[in-house]
*Asks:* 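The structure is given below, and queries will be raised subsequently.
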Amino acid sequence: MPGRPRPLSPRLLRLAAQQEGLLSVRQCIGSGMSHEQIAARVRSKDWERPARGVVDTGHPATRDRADDPIEHRRRRAAVLGLLAHPGSVATGVCALVLHGVQGAPIEVSPEVAMPTGAPRAARPPVRLRRSPVPSSVDVDGFRCVPVEVALAQAVPELRRRPAVALMDSALHRGLLTPSGLVAAHRAAAGRRGVARTRSWWGLADGRAESPAETWARLDCLDAGFPPDALQLAVAGAAGDVFARVDLAWRLPGGTALLVEIDGRDVHSAPEAVYRDRVRQNRIDTSRTVVRRFTGADAWHGRVGAEVARVLRPAGWRPAPLPAGTVLRVDA
């Protein structure tokens, strides 16, 4: 029967898994499907058309990404742009997402550019940048602009928290060097919106291990209480380092305020809960004030307010701790 759906070939199944459930019409035709069969799947609602030339098969994402629906949505947006414009290169936030940089906004708009920058009809909702792409890199089979270029494109178009979080993550993951960050800032010069970001580039810090830590640090900076240390090593009396604390402040009298930011999925396993309780008990001593927050707390400004509540009456003054400082807490 003409147009009757048939099982997908193993190749298309692999592509659908790799591409977050998305396939280009070209890929379907190249694997033996007809236009009629593709149209039949769309008519029957088995498939959808998120953009011209692209179908959504509903194929489940790979297991590691299915556990993070927000990251899955971001990657789908990045892949959608590449499929809608064959031969294109992912740019801006989409390129950063494919590189594995964390901290992008929840909603990411598909965007790409053609290597030559030649004009081409847009395929909504995909944004097609008109500037040429002199060089690109392959990331798991997807063509992307380098991280430096992607940041130069993305930061002027973002708000402060996601912009700094992306810079932090790129540094932390070793995808960008400090000199590369300077180069990205220079490359962003002249772009619309870059003037308001001038101070943001100097806030980037690769010690942040998650976007939530970046949000918490910025919240404390805005409250007037910049941390004295990030990822402060904590050791017992014998010198054994058993923990690193996300944010720390030195208090008068030799005490310290220690702040930890819990990730969204952290401590879900029983063994992790036990290890964390032991670690927490060792950190919480007569010489420390310990506060724990979630990523939501950091996003909604609750970290800076609580830090201020502790530090202001204590008479805290900025006293950055030297790199390599170890806090000993056990008697």
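What you see below is based on every heavy atom in this structure, not just the backbone, and it leaves out hydrogens, waters and symmetry mates. All values reported here derive from a predicted model rather than from experimental measurement.
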*Asks:* Less than 4.5 Å apart, side chain to side chain, heavy atoms only: is that true for R75 and F142?
*Replies:* yes

*Asks:* Is there a donor-acceptor contact under 3.5 Å from the side chain of T57 to the main chain of G21?
*Replies:* yes

*Asks:* What's the spacing between E71 CD and E20 CD if we round to 0.5 Å?
*Replies:*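 It comes to 8.5 Å.
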
*Asks:* Grab the two heavy atoms, one from W201 and one from A188, that are nearest each other, plus how far apart they are.
*Replies:* CZ2-CB, 4.0 Å

*Asks:* Any chance CZ of R52 has more than 12 other-residue heavy atoms, nucleotides or ligands included, within less than 6.0 Å?
*Replies:* no

*Asks:* Does any N or O in the side chain of H99 come within less than 3.5 Å of the main-chain N or O of V145, such that one atom is a donor and the other an acceptor?
*Replies:* yes

*Asks:* Rounded to the nearest 0.5 Å, what's the gap from CZ on R217 to CG on D222? Could you check?
*Replies:*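 Result: 11.0 Å between the selected atoms.
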
*Asks:* Sub-3.5 Å donor-acceptor pair from the side chain of Q27 to the main-chain atoms of S24, do we have one?
*Replies:* yes

*Asks:* When hydrophobic residues are tied together by side-chain contacts of less than 4.5 Å, even through go-betweens, does V133 share a cluster with V149?
*Replies:*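 Yes: a chain of side-chain contacts under 4.5 Å links V133 to V149.
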
*Asks:* Kindly compute the distance separating CG (L311) from CG (L257), expressed to the nearest 0.5 Å.
*Replies:* 5.0 Å

*Asks:* For residues 79-96, dump all side-chain donor-acceptor pairs below 3.5 Å to protein atoms at least two apart in sequence or in another chain.
*Replies:*
{"residue": "S88", "atom": "OG", "partner": "H85", "partner atom": "O", "Å": "2.6"}
{"residue": "T91", "atom": "OG1", "partner": "E111", "partner atom": "OE1", "Å": "2.6"}
{"residue": "T91", "atom": "OG1", "partner": "R129", "partner atom": "NE", "Å": "3.4"}

*Asks:* Looking only at heavy atoms, what is the nearest atom pair of A104 and V108, with distance?
*Replies:* CB-CG2, 4.3 Å

*Asks:* Less than 4.5 Å apart, any side-chain heavy atom of L247 and any of L230?
*Replies:* yes

*Asks:* Restricting to side chain to side chain contact (heavy atoms under 4.5 Å, CB included), what partner residues turn up for R287, sequence neighbours left out?
*Replies:* T285, L327

*Asks:* Ignoring hydrogens, what is the shortest heavy-atom contact between D168 and A204? Give both atom names and the distance.
*Replies:*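 Smallest interatomic distance, heavy atoms only, reads OD1-CA, 3.1 Å.
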
*Asks:* Set out, in order, the CA-CA distance, both residues' side-chain angles and the distance that settles side chain to side chain contact (heavy atoms under 4.5 Å, CB included) for V245 and V259, then state yes or no.
*Replies:* CA-CA 7 Å; V245 178; V259 167; 5.6 Å; no

*Asks:* For residues T255 and T288, determine if any side-chain heavy atom of one lies less than 4.5 Å from a side-chain heavy atom of the other.
*Replies:* no

*Asks:* Find the distance between NE2 (H35) and CD1 (I38) and round it off to the nearest 0.5 Å.
*Replies:* 6.5 Å

*Asks:* Let me check something: do F225 and V310 share a hydrophobic cluster, defined by ILVMFWY side-chain heavy atoms less than 4.5 Å apart, either directly or through other members?
*Replies:* yes

*Asks:* Under 4.0 Å between a Lys/Arg side-chain N and an Asp/Glu carboxylate O for R127 and E157?
*Replies:* yes

*Asks:* Any side-chain to backbone donor/acceptor pair from S9 onto L12? Under 3.5 Å, distance only.
*Replies:* yes

*Asks:* So L166 and L151, do their side chains get closer than 4.5 Å, heavy atoms only?
*Replies:*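 They are in side-chain contact.
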
*Asks:* Is the closest side-chain heavy-atom distance between P146 and S135 below 4.5 Å?
*Replies:*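 Yes, at least one pair of side-chain atoms sits under 4.5 Å.
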
*Asks:* Please confirm whether the backbone N or O of I261 pairs with a side-chain atom of D246, one donor and one acceptor, at under 3.5 Å?
*Replies:*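 Checked: pair present.
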
*Asks:* For residues V234 and R244, determine if any side-chain heavy atom of one lies less than 4.5 Å from a side-chain heavy atom of the other.
*Replies:* no

*Asks:* Identify whether I29 and L23 are in the same connected component of the hydrophobic contact network (ILVMFWY, side-chain heavy atoms under 4.5 Å).
*Replies:* yes

*Asks:* Determine the minimum heavy-atom distance between P50 and E48, stating which atoms define it.
*Replies:* CD-O, 3.3 Å

*Asks:* When D56 is tested against each of R49, R76, K45 for salt bridge (charged side-chain N to carboxylate O under 4.0 Å, His left out), which residue passes?
*Replies:*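 So, applying the salt bridge (charged side-chain N to carboxylate O under 4.0 Å, His left out) to D56 and each of R49, R76, K45, only R76 qualifies.
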
*Asks:* So which atom in Q18 and which in G141 form the shortest heavy-atom distance, rounded to 0.1 Å?
*Replies:* NE2-CA, 4.3 Å

*Asks:* Is the closest side-chain heavy-atom distance between R143 and P115 below 4.5 Å?
*Replies:*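 They are in side-chain contact.
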
*Asks:* Tell me whether S169 contacts the main-chain N or O of Q102 through its side chain, where contact means a donor paired with an acceptor under 3.5 Å.
*Replies:* yes

*Asks:* So, D240 and R328, do they make that salt bridge, N to O below 4.0 Å?
*Replies:* no

*Asks:* Is atom CZ of R196 surrounded by more than 12 heavy atoms (other residues, nucleotides or ligands) closer than 6.0 Å?
*Replies:*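 Atom CZ in R196 is packed in, count exceeds 12.
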
*Asks:* Just by modelled atom types, is the G206 backbone N or O under 3.5 Å from a matching donor or acceptor in the H172 side chain?
*Replies:*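 The answer is yes, because a donor-acceptor pair under 3.5 Å joins these two groups.
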
*Asks:* Side chains of M114 and L128: closer than 4.5 Å at any heavy-atom pair?
*Replies:* yes

*Asks:* Determine yes or no for a side-chain-to-main-chain donor-acceptor pair under 3.5 angstrom, with E213 supplying the side chain and E209 the backbone.
*Replies:*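 Yes; at least one donor-acceptor contact below 3.5 Å.
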
*Asks:* Quick check: does any side chain N or O of R161 sit under 3.5 Å from a backbone N or O of D219, one acting as donor and the other as acceptor?
*Replies:* no

*Asks:* Can any side-chain N or O of T325 pair as donor or acceptor with the backbone N or O of L321 at less than 3.5 Å?
*Replies:* no

*Asks:* Not counting sequence neighbours, list each pair that qualifies as a side-chain hydrogen bond (donor to acceptor under 3.5 Å, both in side chains) and has a residue in residues 310-319.
*Replies:*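 Sorted pair list: D228-W316.
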
*Asks:* State the CH2-CG distance between W215 and D297, to the nearest 0.5 angstrom.
*Replies:*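 Rounded to the nearest 0.5 Å, the CH2-CG separation comes out at 11.5 Å.
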
*Asks:* Distance from F242 atom CZ to I283 atom CD1, nearest 0.5 Å?
*Replies:*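 It comes to 5.5 Å.
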
*Asks:* Considering all heavy atoms of both residues, which atom of P156 and which atom of T197 are nearest to each other, and what is their separation?
*Replies:*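 So the minimum-distance heavy-atom pair works out to CA-CG2, 4.0 Å.
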
*Asks:* In terms of heavy-atom contacts, does CZ of R191 have more than 12 from other residues, nucleotides or ligands at under 6.0 Å?
*Replies:*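 More than 12 within 6.0 Å, yes.
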
